[in-house]
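What follows is one structure encoded as structure tokens, with my remarks underneath.
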Amino acid sequence: MKNYQTGNIRNIALIGSSRSGKTTLAETMLYEGKVIDRRGSVEAKTTISDNTDIEQDLQRSVYASPMYAEFQDCKINFMDTPGADDYIGAVASAFRVADSGIMLVNAQQGVEVGTEIFGDYAEKHQKPLIIAVNQLDTEKANWESTIDSLKNWFGGKVAVCQFPVEVGPGFKAIVDVLKMKMYSYKDENGTVEESEIPANLKSEAEDLQAELMEKAAENDEALMEKFFDAGELSHEEMVKGISLGFLSCGLMPVFCLAGRKDIGVRRLMEFVLHVAPKPSDIKEKTKDGKEIACETSGTTAIFIYKNAVEQNLGDVSYFKVVSGKLTEGMDLVNPENGNKERISAIYAVAGKKREKVSELSAGDWGCTVKLKSVKSNQTYVAGGADYVFAPVDYPQAKYRTAIKAVDEKCEEKLGEILQRFASEDPSFQVRYARELKQTILSGMGERHISTIKWYLTNVYKIEAEFFAPRISYRETITKVATANYRHKKQSGGSGQFGEVHLLVEPIVEGVEQSNRFMIGGKEMVLTIKGKEDYTMDWGGKLEYYNCIVGGAIDARFMPAILKGIMEKMEEGPLTGSYARDIRVYIYDGKMHPVDSNEISFKLAARNAFKEAFRNAGPKIMEPMCDMEILTPGDNMGDVMSDLNGRRAMIEGMSSGKKGMQVLKARVPLAELYKYSTTLSSLTSGRATFTMKEAPYQQVPADVQDKLLKAYQEEDKDE
């Protein structure tokens, strides 16, 4: 395979709903690009892209598969992406290295959930899209309703460049209004005959061409002026106007396809070469906002967008050459950590098929193997360059679950496997929550998490349990209370003795600290001799006051008293959760000249603090989430009803774009387990949401009672 220069490279992401035919189109593009000489099928499990065991088992894409086609002296790199929203992390990595996209729309369904979601995602990331209406050869295909649904969703951006002569099993001809020609397909290998448009279709073609001409002219003043003066544009002028509108994301050209029968695919690829941006048209941004030109004359720099461990190859790193030229044997450096790597081999990638090459130019995609310390989202450069490219913009995780091995002996192995998954797919997140004593796994949705479950069961033979994570509650108090505790132990020889009297009160923002307290109907005035402030690792504060007078407790025991209180702050008296926002005054106590020691005062302080805490109007605080839910208006009632059942506080509603409604709510984290699955079910997958941490709030009394009982039962079992 020859080395393609930057101007002869195009980078495309294939996106769309599940079952829209992305993998089948990818197979046909490979065939047209002479990468394969025989097309496989999803049903026969013989496609180049869906080549992993899990994809063949599920018969759907799980990963984004990079591929290429050599076509008309150019190289089209393209990425077959999953169609489920749960795998949108793969779409994110594809969009990071692709410069534009082809959105496949199933002619039987029109605009679907995936069309909406991925269309919005492309708009957010300013990636221009070609729309390919696919499966026009199927029994239930409907061109008119599909175009209507596209116009309803994407509005005036939709620019029809072709229409089918007949849809259904008889589909074999397309009228191209950009070229004003009809293409008739003679077989399922792309053999085509070009002819003039028949008289009975001429009027429809002319009307669509006039509409397309006007849309093209709107993108350039000179073209608009000519269009008004002459009433028409040449083919070259139309292509120029469409290209300008496409690059600015103002136009979405629409093409006809039957990917399985190779109808319209070659023409679509030709259009990509003429209209889609070259890598040199796009400047790559660094983390600090600097723009790097994608040109062969620049310093060699690559961006690693994906890592994987593959059978027979080991560690495989997928990259885009952002600048310069990458050659076999080149040494590159990671500017962030100084790690050096030698690129011992370079491959052009077409799914499971790889072709060894000696070099790749700026803008091209490839992979290499057996790098020592390379991870996803890393930059490697030559020539002393120090810039780092912006990482893949992965969406926020929407689903979290606790996980543990059924057999405790497998816990260490399970941890290693989970870390490997997170390394290969950063849209997975795994962490051990020390507070909760659980491993927490986060992902894009329940289906995304099920990928790990499949591998654990079928590949690693580990039985794992997935369940609702514990919640990071916090404990605090609402009023003043006192307590004292004497720790006394005698067992021959030196004993243990320590007595601590203390007072606790809540730290309330805006309320100043005082040394006067009403306890048991009497005023108590404390003499503050020392104060220590602590900001807790888990949030909130502890203020520790030494109010000992007359030497009731020796100063050398005060750190032990503090340690006892700290231990109980870390394991709260109510449910074992962290405690926060408490002032503690040590105002009296007793010592023994022989038996008093640090352990005695630590234990006395722990127990006195525990008793005072329970008498001080204790409250459990729970983590809250601020949520923004985008839902179709028709589903608003169901979504609100579900949120009310989750103890949500609705904070606002407003109208979104395209008939959607925006709902803002503050919801307890404890109520959000499997929420993404429920929301998808309520809205047929059309609603999406974002969430972020909000301040802790007190739980209602009935919820607190349940938590206390549950903790007591758990404590009893232990």
Side-chain angles (χ1 to χ4, degrees), residues 10 12-16 19-51 59 61 65 67-81 83 101-108 130-141 143 146 161-176 178-179 181-195 253-276 350-351 353:
R10 304 291 184 275
I12 304 287
L14 304 182
I15 62 174
R19 313 299 178 190
S20 59
K22 299 181 296 297
T23 300
T24 301
L25 172 60
E27 201 75 8
T28 305
M29 290 174 69
L30 291 168
Y31 176 76
E32 287 287 351
K34 312 302 182 192
V35 177
I36 57 175
D37 53 18
R38 184 177 180 181
R39 286 173 285 160
S41 72
V42 174
E43 294 77 14
K45 303 180 181 180
T46 53
T47 58
I48 292 292
S49 59
D50 286 0
N51 57 71
Q59 291 204 357
S61 298
S65 298
M67 285 167 279
Y68 67 88
E70 296 180 272
F71 185 74
Q72 297 183 0
D73 291 324
C74 292
K75 184 185 182 191
I76 302 176
N77 291 315
F78 55 97
M79 196 90 71
D80 178 22
T81 67
I102 296 175
M103 168 83 84
L104 274 81
V105 177
N106 188 333
Q108 301 170 94
I130 298 167
I131 296 177
V133 179
N134 193 25
Q135 301 179 17
L136 284 163
D137 57 328
T138 53
E139 193 74 49
K140 296 180 180 179
W143 170 258
T146 298
C161 296
Q162 296 179 336
F163 66 89
V165 173
E166 179 186 348
V167 297
F171 172 61
K172 60 182 179 180
I174 295 168
V175 172
D176 192 304
L178 184 55
K179 285 195 169 184
K181 296 288 182 181
M182 186 171 84
Y183 299 108
S184 301
Y185 292 84
K186 302 303 180 183
D187 54 34
E188 295 188 5
N189 295 315
T191 305
V192 64
E193 180 183 283
E194 184 180 305
S195 62
V254 179
F255 281 74
C256 300
L257 281 186
R260 189 184 300 274
K261 295 181 178 178
D262 199 358
I263 297 177
V265 177
R266 194 176 304 164
R267 173 68 181 120
L268 175 63
M269 293 170 72
E270 181 185 84
F271 183 78
V272 165
L273 294 184
H274 286 97
V275 173
K353 184 176 180 179

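- The side chain to side chain donor-acceptor pair (under 3.5 Å) check on Glu166 picks up nothing, with sequence neighbours excluded.
- For the pair Arg260 and Glu27, the minimum side-chain heavy-atom distance is 4.5 Å or more.
- A donor-acceptor contact closer than 3.5 angstrom is absent between the side chains of Asp80 and Ser65.
- Under a 3.5 Å cut-off, the side chain of Asn189 and the backbone N or O of Thr191 do not form any donor-acceptor pair.
- Side chain of Thr146 to backbone of Ala107: a donor-acceptor contact under 3.5 angstrom is found.
- Put simply, OG on Ser195 and NZ on Lys181 are 8.0 Å apart, with the number rounded to the nearest 0.5 Å.
- Atom CD1 of Ile131 and atom CZ of Phe255 lie 11.5 Å apart (nearest 0.5 Å).
- Electrostatic pairing of Arg267 and Glu194 does not count as a salt bridge here, judged by no charged N lying under 4.0 Å from a carboxylate O.
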Report the C-alpha separation of Asp137 and Ile263 in whole Å, then their side-chain angles, then the decisive distance to 0.1 Å, and conclude whether the side chain to side chain contact (heavy atoms under 4.5 Å, CB included) test is met.
-> CA-CA 9 Å; Asp137 57 328; Ile263 297 177; 5.6 Å; no

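- Using a cutoff of 4.0 Å between basic side-chain nitrogens and carboxylate oxygens, Arg266 and Glu32 are scored as salt-bridged.
- Distance CE/Met29 to CE/Met269: 4.5 Å, rounded to 0.5 Å.
- A donor-acceptor pair is defined here as one N or O able to donate and one able to accept, closer than 3.5 Å; no such pair exists between the side chain of Asp37 and the backbone of Tyr31.
- Considering all non-hydrogen atoms of both residues, Thr23 and Ser61 come closest at OG1-OG, 3.2 Å.
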Could you give me the CA-CA distance, side-chain angles and deciding distance for Tyr185 and Asp262, then say whether side chain to side chain contact (heavy atoms under 4.5 Å, CB included) is met?
-> CA-CA 9 Å; Tyr185 292 84; Asp262 199 358; over 6 Å; no

Taking it one step at a time, do Asn77 and Met67 satisfy side chain to side chain contact (heavy atoms under 4.5 Å, CB included)?
-> CA-CA 6 Å; Asn77 291 315; Met67 285 167 279; over 6 Å; no

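- In this structure the side chain of Glu188 reaches within 4.5 angstrom of the side chain of Arg39, judged on heavy atoms.
- Considering every non-hydrogen atom in both Ala276 and Ile12, the closest pair reads CB-CD1, 4.1 Å.
- In this structure, CZ in Phe71 is found 6.5 Å from CG in Leu273, a value given to the nearest 0.5 Å.
- With hydrogens and angles disregarded, a donor-acceptor distance shorter than 3.5 Å links the side chain of Gln162 to the backbone of Cys256.
- Scanning both residues, Val167 and Ala141, for their nearest heavy atoms gives CG2-O, 3.7 Å.
- Two residues are said to be in side-chain contact when any heavy atoms from C-beta on lie closer than 4.5 Å; Met103 and Ile130 fail this criterion.
- The minimum heavy-atom distance between Ala26 and Leu14, with the atom names listed, is CB-CD1, 4.0 Å.
- Other residues, nucleotides and ligands contribute more than 12 heavy atoms inside 6.0 Å of the CD atom of Glu43.
- Side-chain contact check for Leu25 versus Leu104: some heavy-atom pair is nearer than 4.5 Å.
- With contacts defined as side-chain heavy-atom distances shorter than 4.5 Å, the pair Leu136/Trp143 qualifies.
- Phe78 has its side chain within reach of Leu30: a pair of non-hydrogen atoms, C-beta onward, lies under 4.5 Å apart.
- Remark: Glu70 engages Met1, Tyr4, Tyr68 in a side chain to side chain contact (heavy atoms under 4.5 Å, CB included) (not counting sequence neighbours).
- In this structure Lys34 satisfies the side chain to side chain contact (heavy atoms under 4.5 Å, CB included) test with no other residue, sequence neighbours excluded.
- Of all heavy-atom pairs between Lys22 and Gly16, the closest is NZ-O, 3.1 Å.
- With hydrogens and angles ignored, the 3.5 Å screen pairs no side-chain donor or acceptor of Asp50 with any backbone N or O of Thr47.
- A side-chain donor-acceptor contact under 3.5 Å links Gln108 and Gln135.
- Although no hydrogens or angles enter the test, the distance criterion places no donor-acceptor pair under 3.5 Å between the side chain of Lys172 and the main chain of Lys186.
- No donor-acceptor pair under 3.5 Å is formed between the side chain of Ser184 and the backbone N or O of Ala173.
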Check step by step if side chain to side chain contact (heavy atoms under 4.5 Å, CB included) holds for Leu257 and Leu268.
-> CA-CA 8 Å; Leu257 281 186; Leu268 175 63; 4.0 Å; yes

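- Judged purely by atom type and a 3.5 angstrom limit, Thr28 uses its side chain to pair as donor or acceptor with the backbone of Thr24.
- When atom types are taken as modelled, the side chain of Asn134 and the backbone of Ser20 share a donor-acceptor pair closer than 3.5 angstrom.
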